[in-house]
Novice: 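One structure follows; several queries about it will come next.
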Amino acid sequence: MSAPTAPLTTDLIAASSVRHFLVDTDLAPAEQAEVLDLAAQMKNDRFLHRPLAGPQTGIVFFDKTSTRTRVSFAAGIADLGGQPLIVNPGESQLGHKESISDTAQVLSRMVSVIVWRTYAQAGLEEMAEHATVPVINALSDDYHPCQLLADLLTVREHKGRTEGLVMTYLGDAANNMANSYLLAGVTAGMHVRVAGPEGYLPQPAVVDAARARAAETGGSVLVTTDPAQALDGADVVVTDTWISMGQEDEKEQRKTLFRDYAVDAAAMDRAATGALFLHCLPAYRGLEVSADVIDGPQSVVFDEAENRLHAQKAVMAWLLYRSGLASEPTL
Ligand code: CP
Ligand code: NVA
């Protein structure tokens, strides 16, 4: 059992030594594998790691709504021996009455981990720059890295590995999930294909970062407007809502824009026999995925949802251990 070692005074921890998880590539390939191993260990023995014993507090801010992220972080912080403090939209001074930098410095003297679901990635970066405890991205407009840890854990469980598998994403290929599939997928050695309509493809900077990471791991990247090209022989097929949080005004237009990229039985037939179907949820049956696929035998979406808990516990513990803020138990 580790002793609580929260950095309650300014001189204990230099900000630069603290590890954060803001984007998928913040974990090097070997580090991502370590976190996934830890997640599997925690899934097997839920209370083995107690880096937040005390209980120390983990704060979880929401600027957008949530079910899975809220519950999995709340339960996960408690499982790690800590107590969660959930802050809903509009409940704190953050972002409207107080700067991110002041907030980061105040929170760092009181809590042991800062989790934040927000809009701009730049806000998370600023929080991390000024925090002396780990900051975790619980979804931004650009990335959803915690979700990808859960997805990769799910693929490992069902396929025995991630390396060398083809993972295909169809739909809004310019959104946070598409970016994270690219970056986390290649980090795990996967061949990641993303397909969406012209104008809704990932930014070149994300594709370049994914290609650079793929060169280290043996993975690869394909970006295309052709769903059939992306699907042929895929081992894992994934999609996400066509209308992300903040895009509600574009709902009607988006419902037709992505129609050719829906995952239905015909799309799954193009993938490899025994391909898995994943979706981060919430899902809209009849839009990005048909009911027969998401409720069918190839779907592992509820394993994926459960794995949010195990993956996030693992990343919180790993960041605390690697930042020198908690000691790893000797097992
Ligand atoms: N997948 C996911 O992040 O779900 P919530 O929006 O419910 O947290
Ligand atoms: N792309 C979606 C993911 C929801 C978990 C959104 O940002 O709303």
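Index from 1, following the sequence. Numbering of ligands and ligand atoms starts at 1, following listing order.
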Novice: Between Gln312, Glu306, His310, Lys313, which is the residue that forms a side chain to side chain donor-acceptor pair (under 3.5 Å) with Ser72?
Specialist: Gln312
Novice: Who's the nearest protein heavy-atom neighbour of atom 8 (O) of ligand 2, and how far?
Specialist: Met245 N, 2.8 Å
Novice: Run through ligand 1 for me and note each protein residue having a heavy atom under 4.0 Å from it, chain first, then residue number.
Specialist: Ser66, Thr67, Arg68, Thr69, Arg117, His144, Gln147, Cys280, Leu281, Arg308
Novice: Please report the interatomic distance CZ(Phe21) to CH2(Trp318), rounded to the nearest 0.5 Å.
Specialist: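 Reported to 0.5 Å precision, the distance equals 9.5 Å.
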Novice: Quick one: does ligand 2 sit under 4.0 Å from the side chain of Asp172, the backbone, both or neither, non-hydrogen atoms only?
Specialist: neither
Novice: Output yes when the distance from some N or O of ligand 2 to some N or O of Thr241 is under 3.5 Å, and no in every other case.
Specialist: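 N/O-N/O distance below 3.5 Å does not exist for this pair.
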Novice: Salt bridge between Lys159 and Asp235, side-chain N to carboxylate O under 4.0 Å?
Specialist: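 Looking at Lys159 and Asp235, the cut-off is not met.
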Novice: If the condition is side-chain hydrogen bond (donor to acceptor under 3.5 Å, both in side chains), which residues does Asp24 pass it with, not counting sequence neighbours?
Specialist: Ser180
Novice: For salt bridge (Lys or Arg N to Asp or Glu O under 4.0 Å), just list the numbers for Arg308 and Asp303, CA-CA rounded to whole Å, side-chain angles, deciding distance to a tenth of an Å, and then say yes or no.
Specialist: CA-CA 9 Å; Arg308 293 293 301 280; Asp303 290 343; over 6 Å; no
Novice: Look at atom 4 (C) of ligand 2 and say which protein heavy atom is nearest, naming residue and atom and giving the distance to 0.1 Å.
Specialist: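 Here the closest protein heavy atom is Leu139 CD1, 3.9 Å.
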Novice: Number the atoms of ligand 2 from 1 as they appear, then name those within less than 4.0 Å of a heavy atom of Asp240, with their elements.
Specialist: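 Result: 1 (N), 2 (C), 3 (C).
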Novice: Just need the protein heavy atom nearest to atom 7 (O) of ligand 2, so name the residue and atom and give the distance.
Specialist: Asn176 ND2, 2.8 Å
Novice: Is any NZ, NE, NH1 or NH2 atom of the basic residue among Arg322 and Glu34 found under 4.0 Å from an Asp or Glu carboxylate oxygen of the other?
Specialist: yes
Novice: Could you tell me, atom by atom, which parts of ligand 2 come under 4.0 Å of a heavy atom of Asn175?
Specialist: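 Every atom of ligand 2 under 4.0 Å from some heavy atom of Asn175: 1 (N).
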Novice: Counting C-beta onward and ignoring hydrogens, is there a side-chain heavy-atom pair between Glu288 and His279 closer than 4.5 Å?
Specialist: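 They are in side-chain contact.
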Novice: Any N/O of Ser244 closer than 3.5 Å to an N/O of ligand 2?
Specialist: yes
Novice: Measure from the side-chain N and O atoms of Thr57 to the backbone N and O of Val111, and report whether any donor-acceptor pair falls under 3.5 Å.
Specialist: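 It does not hold such a pair.
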Novice: Under 4.5 Å between side-chain heavy atoms, counting indirect links through other Ile/Leu/Val/Met/Phe/Trp/Tyr residues: same cluster for Tyr261 and Tyr181 or not?
Specialist: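 They do not share one cluster, since no chain of ILVMFWY contacts under 4.5 Å joins Tyr261 to Tyr181.
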Novice: Assess Arg70 against Phe62: is NZ or CZ under 6.0 Å from the centre of the six-membered ring, and within 45 degrees of the ring's axis?
Specialist: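 Ring-cation test returns yes.
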